[in-house]
Amino acid sequence: MTDAQDAVTRIAALRGEIDAHNYRYYVLDEPSVPDAEYDRLFGELKTLEAEHPELVTPDSPTQRVSGAALAAFGTIRHEVPMLSLGNAFADENLQDFDRSVGKRLREEFGETDFAGPDSGVEYTCEPKLDGLAVSLLYEAGILTRGATRGDGTTGEDITANVRTIRNVPLRLQGEGWPAVLEVRGEVFMSRAGFEALNARAMESGGKTFANPRNAAAGSLRQLDSRITAQRPLEFCCYGFGRVEGGALPDTQYDILQRLREWGIPISRELRKVQGASGCRAYYEDIGQRRDALAYEIDGVVYKVNRLDWQGELGFRAREPRWALAHKFPAREELTELLNVEFQVGRTGAITPVARLKPVQVAGVTVTNATLHNMDEIARLGVMIGDSVIVRRAGDVIPQIMQVVPERRPADARPVEIPTHCPVCGSAVERTQLIKRGKGKESVSEGAVYRCVGRLACQAQLKQAIIHFASRRAMDIDGLGDRIVEQLVDRELVKSPADLYTLTYEQVVELEGFAEVSSRNLLAAIEASSQPTLARFIFALGIPEVGEETAKRLARALGSLQRIREALPEVLVYLPDIGPEVAFEIHNFFQSAHNRDVLEALLANGIELADEGEVHAEFSGYATFADFLDQLHIPYLGKTGAKTLATAFPTLAALIEGSQDWLTFKTLSGLNERAKQGLREYFAEADNVAQALAIEAQLKAFGMHWESTRQVVQGLPFAGQTWVLTGTLEAMSRDAAKERLEALGAKVSGSVSAKTAVVVAGPGAGSKLTKANELGVKVLDEDAFLQILEAQGQ
Ligand code: IVH
């Protein structure tokens with residue numbers, strides 16, 4: 001065989017294999033190879049095609065994105081019109097629909113073959129996806145055209161764009177497809193895709209989209225398909241149009257299954273049901289799972305399953321009599337922004353809250369919506385008096401999605417941040433973001449404004465106490481929001497420390513308290529007085545310190561004393577603690593007020609249950625070179641820091657050497673600018689003092705320069721990533737996670753080749769499948785419990 005023949009064969013084999021992987025991944029949701037293997041095949045195909053450009057065909061998986069932008073979309077005529085659907089908003093509409101379907105079939109067409117409940121008709125049910133309808137044309141199994149719905153008769157030619165959608169097959173799988181096959185479905189964006197897209201846009205200062213539907217529409221109608229290619233669009237087929245040179249099965253359900261076999265993605269939620277009651281059960285089930293779906297839906301669609309019956313029922317105007325869209329209550333409504341008020345949070349952050357003209361959204365009257373921060377107000381461009389679209393989904397607090405600029409009244413006024421705290425009158429300051437690098441600090445303005453009143457501000461005090469008592473912090477059972485309100489309003493509690501000196505006489509006076517409840521509350525407070533260090537640190541409510549960071553601090557530094565004293569430059573040695581968080585921690589403990597509260601807590605009987613030594617995790621984390629790099633000496637990069645670390649045994653020697661002209665002159669591997677920077681840096685007494693203080697603290701904390709950075713061997717599961725999936729019966733996932741972390745493991749939400757172990761309880765799904773495919777070790781709960789026990793957990 002010639003070289004060219006080899007290439008032809010290999011290219012065909014690669015395309016077949018890649019298409020098959022795509023099919024398993026996008027349509028069956030059962031990937032069969034790790035990403036790396038897929039990438040390798042794809043890379044090989046690309047290389048071969050580059051060597052043999054004459055062998056490139058438009059249906060090759062490498063040819064999704066074409067080169068140039070269009071001046072305008074062409075138009076396409078839909079030979080079979082793309083219709084819309086009749087809507088049902090209430091259960092009665094569904095009943096009427098089913099009744100009239102049954103009646104028509106019986107009375108007008110003499111059908112007798114009914115078996116199910118209600119009308120006896122069988123329907124397919126599937127979610128009504130919130131995206132855009134498109135038509136895809138396959139000729140001889142090759143995708144040749146993609147079109148929007150347009151007015152139903154003529155649409156726009158978006159072939160180049162639909163080709164970029166990863167789960168749209170460029171050619172059909174298997175065999176037996178009609179010579180001409182037009183499939184129809186929805187192009188949409190998953191919630192995760194939408195959020196990632198907006199996050200990227202936000203970062204680069206680009207345009208953000210109000211919802212996944214708009215994002216999908218904006219992405220699909222791009223004249224430059226290279227842009228569409230970067231958007232996380234997906235396709236889901238729900239029907240067909242033209243079919244020539246072949247036939248499809250005779251029910252809606254079987255047709256969709258057949259299309260799926262040919263590689264066309266269909267809904268995983270497609271079901272067959274009987275009568276209106278079957279439809280209703282489906283509607284309710286999906287309605288309950290609506291928020292857990294990966295994409296947004298606005299209802300469900302029912303279709304008469306038998307195609308011959310669909311034909312008999314036909315159309316009324318532009319809507320089929322054999323299908324119905326049963327909508328969920330709308331989640332977005334139009335209303336007016338009456339005012340913006342400011343609330344004060346636990347850390348003093350001033351949060352704007354929208355006061356809205358009351359409006360019914362999904363069955364609930366909405367009067368308020370969050371606005372997050374001033375940046376969000378700027379992003380929305382919202383003014384008081386504006387008409388706005390509010391959205392309420394699940395239990396989430398209503399949100400303003402968009403302003404309707406055309407409706408802005410002449411007297412609309414801008415939203416202004418107050419200069420003083422609306423609760424305590426203290427000054428309001430804008431947070432600053434500190435960036436450090438090359439010996440310089442740059443300060444920029446953050447999005448958050450804070451009341452500087454701290455616990456003297458009643459709003460902050462209440463939130464601080466609520467947080468302090470919460471389940472994952474001190475876990476004081478029964479100390480709910482309303483009780484905290486009363487304790488603070490009656491000035492019985494001025495800081496968390498006062499909780500521990502409350503008396504029976506004080507508590508029993510509170511509204512809603514009697515003898516037993518008072519004793520219970522006091523007992524719960526008492527029971528919380530020996531927390532773990534991690535819980536206590538979390539309970540303090542240090543800005544930016546969540547549960548994970550608190551655990552990290554506690555595990556690494558081992559004692560409250562060390563955490564209190566830790567310099568920000570030392571804290572940054574801990575994984576996941578950046579300069580901003582380090583400064584917040586340090587500032588928190590520097591504040592005289594916070595120190596007083598802390599002392600009072602300890603004086604009032606708080607005892608930490610588990611203080612200990614500095615953990616090996618911490619001491620293993622630095623080298624002398626890292627240390628020098630962290631000092632941010634002007635012009636000294638990582639390599640320079642390494643050179644110095646080899647040339648000088650200690651910091652003292654380096655400081656001395658830096659001021660000695662001769663030593664530095666002979667030092668090789670460092671440029672003049674860096675030498676100069678060093679000399680100047682250490683010529684300043686403050687810098688020397690600071691560097692020595694950091695060094696002293698690192699040493700006191702057990703850091704040893706000799707070690708190179710390495711995974712700490714101290715804990716049995718150090719360096720391992722575990723994944724928990726399915727239901728665990730003996731303990732909650734949180735508890736399992738906590739125990740694994742205590743053994744040094746990281747607990748992740750997704751399985752990869754690097755995962756050490758997957759613990760799979762009943763109901764485990766795709767993560768378990770993936771683990772098995774990748775050959776990752778899988779444990780059931782019993783085996784997991786045995787391992788924990790063996791490790792003393
Ligand atoms: S069937 C003749 N099924 O809803 C039947 N439509 O309101 C035509 N849609 O334009 C449509 N999910 O964009 C059908 N599972 C589904 C759907 C669906 C979303 C959209 C589609 C259509 C609109 C009609």
Side-chain angles (χ1 to χ4, degrees), residues 76 78-89 93-94 97 101 123-136 146-156 158 162 165 167-168 182-190 211-217 219-221 233-243 248 251-253 255-257 259-260 264-273 279 282-283 285-287 289-290 293-307 309-328 330:
I76 273 172
H78 299 299
E79 287 179 30
V80 181
M82 287 181 80
L83 303 169
S84 67
L85 289 171
N87 288 323
F89 295 98
N93 307 136
L94 162 61
F97 166 75
V101 164
Y123 297 96
T124 61
C125 302
E126 58 197 327
K128 185 168 189 309
L129 293 162
D130 205 4
L132 287 92
V134 298
S135 135
L136 304 178
T148 61
R149 174 171 180 270
D151 63 5
T153 319
T154 26
E156 282 171 324
I158 49 159
V162 294
I165 301 174
N167 73 343
V168 166
E182 181 197 355
V183 298
R184 291 174 176 180
E186 201 83 348
V187 167
F188 65 100
M189 205 177 272
S190 69
N211 55 45
R213 209 208 86 84
N214 291 4
S219 303
L220 196 61
R221 298 197 66 264
L233 292 173
E234 291 171 51
F235 173 72
C236 177
C237 168
Y238 50 65
F240 60 95
R242 260 171 83 193
V243 178
L248 295 177
T251 63
Q252 178 78 20
Y253 188 85
I255 290 173
L256 290 178
Q257 297 299 345
L259 294 179
R260 181 172 187 258
I264 308 277
I266 64 167
S267 174
R268 288 157 57 104
E269 306 291 345
L270 173 70
R271 301 284 181 277
K272 271 190 289 199
V273 303
C279 293
Y282 181 87
Y283 177 83
D285 172 55
I286 289 267
R289 293 191 289 119
R290 186 177 179 190
L293 295 177
Y295 41 83
E296 293 204 344
I297 61 174
D298 53 359
V300 298
V301 180
Y302 313 123
K303 291 173 193 158
V304 170
N305 193 28
R306 275 176 62 163
L307 235 48
W309 288 5
Q310 286 188 5
E312 287 170 354
L313 289 163
F315 300 87
R316 197 192 60 213
R318 306 192 52 77
E319 290 166 6
R321 286 207 193 84
W322 43 266
L324 182 73
H326 193 173
K327 295 287 208 72
F328 293 130

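Ligands are counted one by one from 1 in listed order, and the atoms in each one are counted from 1 as well. The figures here come from the full heavy-atom set of this structure, side chains too, leaving out hydrogens, waters and symmetry mates.
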With Ser135, which of Arg149, Glu182, Arg242 fulfils side chain to side chain donor-acceptor pair (under 3.5 Å)? Glu182
If the test is side chain to side chain donor-acceptor pair (under 3.5 Å), which one of Lys303, Gln252, Arg268 qualifies with Glu126? Lys303
Parallel, tilted or perpendicular: rings of Phe188 and Tyr295 (30°, 60°): perpendicular
Determine the interplanar angle of the Phe328 and Tyr283 rings, folded into 0 to 90°, and report it as parallel if under 30°, tilted if 30 to 60°, perpendicular if over 60°. tilted
Is there a side-chain contact between Phe235 and Ile264, using heavy atoms and a 4.5 Å cut-off? yes
Heavy-atom closest contact (Ala216 atom, Leu132 atom, distance): C-CD1, 3.8 Å
Which parts of the protein, at residue level, reach under 4.0 Å of ligand 1 through a heavy atom? Leu83, Leu85, Glu126, Pro127, Lys128, Leu129, Ala133, Arg149, Glu186, Tyr238, Val301, Lys303, Pro320
